[in-house]
Amino acid sequence: MTKEGSSIARYAIYARYSSALQEMTSIDGQLRMCRERVGRQSGVIVNEYYDPESTGTTVQGRPGLQQLRDDARAGRLDTVCVEALDRLARNQADMAYLYSELGYYGVDIHTLEDGPVDGLHAAIKGFLSEMASSNIGNKTRRGQIEALHDLRVTGPQIYGYQMANCISENGKPIRGLRVIDPDEAEVVRRIHRLYLDGMSPRQLVLLLNDEGIPGPRGGAWTADNIRGREDKGILRNSIYQGILIYGRTKSRRHPVTGKRSFVRLPREEWKIVPAPELRIVDPETWDAVQQELQRRRHRHLAVFNPYRRAAYPLTARIRCGTCGSHMIITGQRSYRCAARRLHPQSCSNNRGIALEKLERAAVQQLLNWMRDPHHDWTRMFSSAERANASRRRELKEHVEEANAGIVRIVAAIESGVSSTSLRDRILDLERTRNAAAEELGAIPDSPPPHTPDIRNFVTSYTDHFRGTVIGGERTEQREQTLLALRELIASIHVRPSSGPYRVDITTTPDVPAILGLIARHFASCSSMPGHTAPGTGPEAATRAVRG
C-alpha cells in the first residue's frame, strides 16, 4: 500500500532478539533478509529499527519499536517488513493492538515467512507465539529441575561450593556440577558454631572482616551474608544441610510497564531434592541454629510495638555525606554513619554529632529556607503546576492504555479465545489502572496563590514552631512538631568538617511537600464560610501541619 501521490511503497524494517546469550549477528541476519525482500518488492527502505536483547512478551522497554510506531503515526511509512510476526510481539493482546494501531495509520505488515498479514493471520500467530513462549518457559523449568536432580547449578554460585565439570561414562561432558570447597566450608561451619555460642551476625561480620576472610562475592562480609532473609544467607540456606530447593518464587512481567517481579509460591509447589553429598553442616548443628534464629526473632518481636511513635523523628532523613548510608543513634545519643560502624573500612566519616545539635541545626536551616525573602513563590507554584499537569497527562494515558487493554482482552475472550494468562492480565491491568487513578486523584489542584499572602503565612508558620524546637525541651509537643517538619525535609547530609560541630549539616527542603502544605492551607481557608482572607496565625499553622 502507498500513500496518495506516492508511486513507490515506503518500507520500514524491524528486527529483534531476546536473550543476551544470542549474538548481534541475529539482528544483522534479519535486516539483511528483509532488505532482500524489500528489493524484490521494488520498495524503498525509509528506516531500519531493531531492539537487541529485548523480550517480545511486552511492547515496553523497546525503543526501536516505539520509534517505528512514532514514525507510523507521523505518516512516514507504508509497510513494516519483519522476519516473522513474533519479532513484533509474542502474545495475543500486544499483537492485536499493534496490528490495529498500524492499520489505523495505514501501515501494512509483511513477513518473510507468510507475506502480507491480515487480521486473522495476526490473531492466529499471536496466539501461537504466546503458546510457544509459554512452552519455552515450561521446558526451561523442566531442564532446571533435571539439573537440580543431577546436583548441577541452576542459579547463582553459593558460598562454600565451587563449580566442577567432568566426563560421563559415555564420554559426554557434564557441566555445572557443584562440589564442596573445603576452605569455604570450614568458614560456614565456624559461622554456625560461633552463632550458637552467642555471637550476633554483626559481631560475626566484624570478626571475619578483621581476619581478612573474603566474603561470598570476594569483598567484605555484611550482615545479610550471615543472616539472610527467608531461605538465603549462611545461617538459613538449606543447601548446607544437604537439601536443594527449586521453585520458591515465580516471575511475572507487568503488562503495562514490562517490569519483571517475583511472587513467592506456597511450599507445596517447591521442588525439594535431597543432596547428602553437598551437606556441610551436620543435622544437629543445623537444627540448633534454626531454633536459635527463631528464639532471637521472637525476642525482638516481643518488644516491638507497631503503634509506637518514632523515638528520633528526623532519623529517617539523615544520611552520611561521605558514603550516603543511613546515620544511626549510638549509645552517646549521637548520630554516626551506620556503614562505618558495621565495616570501618567502608567509610572515612568517623565524626558524630549530638542528637539535639543536629535537630536544632536541621530545623533552623529548613525554617530559614522557607523565610528566604528572595523566594518567588508564584513562580515556584507555576513550575510545580506544570510538572503536575505533565504527570496528570501521563497517568491519564496509563489509565486509558489499561482500559484499552482490558477491552481488547475481553473482546478476545468473548470471541472464544480464553486462557488463564488472559484472565491474569486483566487483573494486572485493573491493578495498574486503579493505582494510576489513585495517584491521579492525589495530585493537588493548583491553588490561587498571591505572593504577599504566602509570605505572611510562611512567616507565621515558622515563627510558631521555631521556639518549640530550637532551644526547647524534649516534650510531647516538640516531638510532634519534629514529626510534622520531617515531612518538609527531603534529606539531611552530615559531612566531616572543621566547624564548631566538627561536621557540616546540609538540610535539603522537600519543595513539593512545602508547596503542598501551602496549597492545603489556602484551600482550607477558601472553603471556610464567610472567608475573607487566609489565616496567618498560630491556629492556621497548626491546621496546615495537621493537613
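Only a predicted model underlies this, so the values are computations on that prediction, with no experimental measurement involved.
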[Y] side chain reached by [X] side chain, heavy atoms, under 4.5 Å:
X: Pro201; Y: Gln203; answer: no
X: Pro512; Y: Asp510; answer: yes
X: Arg69; Y: Leu98; answer: yes
X: Tyr14; Y: Arg62; answer: yes
X: Ser491; Y: Arg317; answer: no
X: Ser334; Y: Ile353; answer: no
X: Tyr240; Y: Arg279; answer: no

Straight-line distance of [X] [atom1] to [Y] [atom2], nearest 0.5 Å:
X: Leu314; Y: Leu358; atom1: CG; atom2: CG; result: 7.0 Å
X: Ser238; Y: Gln290; atom1: OG; atom2: CD; result: 9.5 Å
X: Ile226; Y: Leu235; atom1: CD1; atom2: CG; result: 6.5 Å
X: Leu31; Y: Glu48; atom1: CG; atom2: CD; result: 5.0 Å
X: Tyr97; Y: Ile409; atom1: OH; atom2: CD1; result: 13.0 Å
X: Arg502; Y: Lys357; atom1: CZ; atom2: NZ; result: 10.5 Å

Exercise for the section: Scan Thr330, Val494, Leu355 and name whichever one has a side chain to side chain contact (heavy atoms under 4.5 Å, CB included) with Tyr335. Expected result: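 In the set Thr330, Val494, Leu355, the residue that makes a side chain to side chain contact (heavy atoms under 4.5 Å, CB included) with Tyr335 is Leu355.
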Below 3.5 Å, can you tabulate the donor-acceptor pairs from side chains in residues 205-217 to any protein atom, sequence neighbours excluded?
unit_1, atom_1, unit_2, atom_2, d
Asn209, OD1, Trp221, N, 2.9
Asn209, ND2, Val205, O, 3.2
Asn209, ND2, Trp221, O, 3.3
Asn209, ND2, His343, ND1, 3.2
Glu211, OE1, Arg190, NH1, 2.7
Glu211, OE1, Arg190, NH2, 3.4
Glu211, OE2, Arg190, NH2, 2.8

For the residue pair [X] and [Y], what are the closest heavy atoms and their distance?
X: Leu366; Y: Pro509; result: CD1-CB, 4.1 Å
X: Glu277; Y: Ile180; result: O-CD1, 3.6 Å
X: Ala437; Y: Val399; result: N-CG2, 4.0 Å
X: Glu184; Y: Tyr161; result: OE1-N, 3.8 Å
X: Asn349; Y: Cys337; result: O-CB, 4.2 Å
X: Asn403; Y: Arg433; result: OD1-CD, 2.8 Å

Consider only side-chain N and O atoms of [X] and [Y], and report whether a donor and an acceptor are under 3.5 Å apart.
X: Arg319; Y: His326; value: yes
X: Tyr17; Y: Asp51; value: no
X: Asn350; Y: Arg340; value: no

Practice task
I would like to know whether Tyr159 and Val187 meet side-chain contact (heavy atoms from CB on, under 4.5 Å); could you show each step before the answer?
Solution key: CA-CA 9 Å; Tyr159 188 83; Val187 175; 3.5 Å; yes
Main-chain N/O of [Y] paired with [X] side-chain donor or acceptor, under 3.5 Å:
X: Asn434; Y: Glu430; result: yes
X: Arg16; Y: Ser54; result: yes
X: Arg351; Y: Ser497; result: yes
X: Gln365; Y: Thr507; result: yes
X: Arg189; Y: Val281; result: no
X: Gln294; Y: Gln291; result: no
X: Arg236; Y: Arg227; result: yes

Handout entry: Qualifying residues under side chain to side chain donor-acceptor pair (under 3.5 Å), relative to Gln66, sequence neighbours excluded
Key =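 If we apply the side chain to side chain donor-acceptor pair (under 3.5 Å) test to Gln66, skipping adjacent residues, the hits are Asp70.
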Exercise for the section: For the pair Thr315 and Ile328, evaluate side-chain contact (heavy atoms from CB on, under 4.5 Å) and give the outcome as yes or no after the intermediate values. Expected result: CA-CA 7 Å; Thr315 299; Ile328 58 175; 5.6 Å; no
Problem - Ionic contact status for Arg193 with Glu186, cut-off 4.0 Å - result: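 Salt bridge between Glu186 and Arg193, a charged N being under 4.0 Å from a carboxylate O: yes.
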Exercise for the section: Before giving the answer on side-chain contact (heavy atoms from CB on, under 4.5 Å), spell out for Glu83 and Met33 the whole-Å C-alpha distance, their side-chain angles and the decisive distance to 0.1 Å. Expected result: CA-CA 8 Å; Glu83 179 189 32; Met33 291 187 293; 3.7 Å; yes
Problem - Chi angles and distances behind the side-chain contact (heavy atoms from CB on, under 4.5 Å) call for Gln162, Val179 - result: CA-CA 6 Å; Gln162 58 183 234; Val179 296; 3.7 Å; yes
